[in-house]
Amino acid sequence: MPELPEVETIVRELKKVLISRKIINVEIKEPLLIGFPGNSVQFKEGIVGQKIINVSRRGKYIILVLSEEKRMIIHLRMSGKLLFKNSYDRYGKHTHIVFKLDNNKDLRFNTIRKFSRVYLIEDKCLENAGGFVNLGPEPLGDDFTLRDFKLLFKGRKAIIKSLLLNQKFMAGLGNIYTDEALFRAGIKPTRRADSLTDKELSKLYKAIRKVLAEGIKYGGTTFSDYVNAMGQKGDFQGELMVYQRGGEKCYNCGHKIIREKICGRSTHYCPGCQQ
DNA sequence: CGAGGTACCTGACAGC
DNA sequence: TGCTGTCAGGTACCTC
């Protein structure tokens, strides 16, 4: 479900409440969600007693830095939620893993579709955390310059939509923010990466950074059921120019927004504004 | 490298 | 009511 701005919002909330807390127990109701180590007994033994030192993010992955040089890395995929709750709150139907904290609070891992994964790894074995080690650069990083962005395109010929969705190319964009960034840059999603002009690449760089920063400012996009760790919805859906607006008029030029399947994902763009 | 397909899961919704 | 098909904010893996 969440893309970079939603994950960043969750991380900012969790930082306020999780740092210095100790995990005193874990209830695993759905072992399928554990990506590493292979069995839930090992996972539980490894995590009980750990103190949470910090909470951060890389791409769409949430990172809990733990004591004893370990990390818990979580990817929410399509429908995942990480919720901070009172321990006496009723479990939801889709609460699959519960981390009991030392202050009568819980960190709960919820997901309807069971695509989400949690990895408990040693700091020195990051490769055990799925695609974590193969992530491309952070688009909002202070050190990620226009020059760096342009260099990424060297030798790439893929359709721009698919390239932006590729986490190895760049980390954090998903279907919503890719469509929104391409609209703001005036680039049709079916364009080949090697057909983009220098000027278009500059516009795209700025559009990606802007749309992600705004997404964070608004606390993410709640299209159906996204909520942050405190159960609050996002507000960026009000700022969407094309996503989920198929058949409606473009706010900018009045053309009807097109919705069609591109690279296997439903894609939204304006035929008037995007060339 | 890249395109297209499948797979993983559950639920909402449209159409019959 | 209930069946079937389609769709969903993601990614891994396979084949060509």
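The chains referred to below are lettered A, B, ... by the order of the sequence lines, with proteins before strands, and numbering in each begins at 1.
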In whole angstrom, what separates [X]'s [atom1] from [N]'s [atom2]?
{"X": "A:Leu173", "N": "C:dG10", "atom1": "CG", "atom2": "C1'", "value": "13 Å"}
{"X": "A:Leu76", "N": "C:dG10", "atom1": "CG", "atom2": "C1'", "value": "11 Å"}
{"X": "A:Lys168", "N": "C:dG10", "atom1": "NZ", "atom2": "P", "value": "16 Å"}
{"X": "A:Ile159", "N": "B:dC1", "atom1": "CD1", "atom2": "P", "value": "16 Å"}
{"X": "A:Leu152", "N": "B:dC1", "atom1": "CG", "atom2": "C1'", "value": "15 Å"}
{"X": "A:Lys60", "N": "C:dG10", "atom1": "NZ", "atom2": "P", "value": "4 Å"}
{"X": "A:Met78", "N": "B:dA7", "atom1": "CE", "atom2": "P", "value": "16 Å"}
{"X": "A:Lys81", "N": "C:dG10", "atom1": "NZ", "atom2": "C1'", "value": "16 Å"}

Quiz item: Heavy atoms, side chains only, cut-off 4.5 Å: are A:Asn86 and A:Lys105 in contact?
Solution: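 Counting from C-beta outward, A:Asn86 and A:Lys105 do come under 4.5 Å.
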
Can you tell me if [X] and [Y] form a side-chain donor-acceptor pair at under 3.5 Å?
{"X": "A:Glu6", "Y": "A:Tyr177", "answer": "yes"}
{"X": "A:Lys44", "Y": "A:Asn39", "answer": "no"}
{"X": "A:Thr145", "Y": "A:Asp148", "answer": "yes"}

Exercise. Select base, sugar-phosphate, or nothing to describe what A:Ser162 touches, counting heavy atoms under 4.0 Å on all strands.
Key: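 Counting heavy atoms under 4.0 Å across all strands, the contact made by A:Ser162 is with sugar-phosphate only.
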
Practice problem: Have a look at A:Ser116 and say if it touches a base, only the backbone sugar-phosphate, or nothing, with a 4.0 Å heavy-atom cut-off. | Solution: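 Contact class for A:Ser116: none.
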
Can you tell which of [options] lies closest to the side chain of [X]?
{"X": "A:Arg259", "options": "C:dA12, C:dA8, C:dG9", "result": "C:dA8"}
{"X": "A:Leu163", "options": "B:dG2, C:dT11, C:dG9", "result": "B:dG2"}
{"X": "A:Gln167", "options": "C:dA8, B:dA3, C:dT11", "result": "C:dT11"}

Practice problem: Can you measure from OH (A:Tyr269) to CG (A:Asp179) and round to the nearest 0.5 angstrom? | Solution: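 One finds 11.0 Å between OH of A:Tyr269 and CG of A:Asp179.
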
Practice problem: For each nucleotide in nucleotides 8-14 of chain B, reading 5' to 3', give B when a protein heavy atom comes within less than 4.0 Å of its base, S when such contact involves only the sugar-phosphate, and - otherwise. | Solution: BBBS---

Would you indicate, yes or no, if [N] has its OP1 or OP2 atom less than 4.0 angstrom from a side-chain nitrogen or oxygen of [X]?
{"X": "A:Tyr177", "N": "C:dG9", "answer": "no"}
{"X": "A:Ser79", "N": "C:dG10", "answer": "no"}
{"X": "A:Lys261", "N": "B:dG4", "answer": "no"}
{"X": "A:Arg265", "N": "C:dG9", "answer": "yes"}

Contacts under 3.5 angstrom, residues 27-34 of chain A side chains, donor-acceptor by atom type, not counting sequence neighbours:
{"from": "A:Glu27", "atom 1": "OE1", "to": "A:Tyr91", "atom 2": "OH", "distance (Å)": "3.0"}
{"from": "A:Glu27", "atom 1": "OE2", "to": "A:Tyr91", "atom 2": "OH", "distance (Å)": "3.3"}
{"from": "A:Glu30", "atom 1": "OE1", "to": "A:Leu32", "atom 2": "N", "distance (Å)": "3.1"}
{"from": "A:Glu30", "atom 1": "OE2", "to": "A:Lys114", "atom 2": "NZ", "distance (Å)": "3.0"}

Exercise. Can you tell me the pairing partner of B:dC9 across any strand shown, Watson-Crick or G-U wobble, with both distances under 3.5 angstrom?
Key: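 Answer to the pairing question: none, since B:dC9 forms no Watson-Crick or G-U pair.
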
Quiz item: Can you tell me the Watson-Crick or wobble partner of C:dG9, both distances under 3.5 angstrom?
Solution: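 Because no pair has both required distances under 3.5 Å, C:dG9 counts as unpaired.
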
Side-chain polar contacts of residues 206-214 of chain A - donor-acceptor pairs under 3.5 angstrom, sequence neighbours left out - could you list them?
{"from": "A:Arg209", "atom 1": "NH1", "to": "A:Pro139", "atom 2": "O", "distance (Å)": "3.1"}
{"from": "A:Arg209", "atom 1": "NH1", "to": "A:Gly141", "atom 2": "O", "distance (Å)": "2.9"}
{"from": "A:Arg209", "atom 1": "NH1", "to": "A:Phe144", "atom 2": "O", "distance (Å)": "3.3"}
{"from": "A:Lys210", "atom 1": "NZ", "to": "A:Glu214", "atom 2": "OE2", "distance (Å)": "3.4"}

Quiz item: Counting only N and O atoms by type, is there a donor-acceptor contact under 3.5 Å from the side chain of A:Thr178 to the main-chain atoms of A:Asn175?
Solution: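 Checking the backbone N and O of A:Asn175 against the side chain of A:Thr178, no donor-acceptor pair under 3.5 Å is found.
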
